[in-house]
Amino acid sequence: MVAITKNTAAFAAPRVRSNDTAARIFALPRQWAARLALRNRLAGMDAHLLRDIGWEPTAARIEANKPFWQA
């Protein structure tokens, strides 16, 4: 189970050394999958649950509507 907070790593860029191209290539799809999963969970929550985890419903809706490749 993944904790959903505003400070989740799903929004951050993967931390990979700049000269390690292979690691960056493999890290990017994992990050996209994490963002997609997080945004799907946000989209399925009601306003009460969103406020419990520190999200405003409007901000969560905006985040949930972003494409997976956008941070």
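The backbone N or O of Phe26 sits less than 3.5 Å from a side-chain atom of Arg30, completing a donor-acceptor pair. Formation of a donor-acceptor pair under 3.5 Å by the Arg35 side chain with backbone atoms of Trp69 is found in this model. For the pair Arg39 (side chain) and Pro67 (backbone), a donor-acceptor distance under 3.5 Å is present.
Note that CZ of Arg61 and CG of Leu50 are 10.0 Å apart. Values are rounded to the nearest 0.5 Å. Rounded to the nearest 0.5 angstrom, Lys66 NZ and Leu38 CG are separated by 10.5 Å.
Between Pro57 and Met45 the shortest side-chain heavy-atom distance does not fall below 4.5 Å. Residues Gln31 and Phe68 fail the side-chain proximity criterion, which asks for heavy atoms closer than 4.5 Å.
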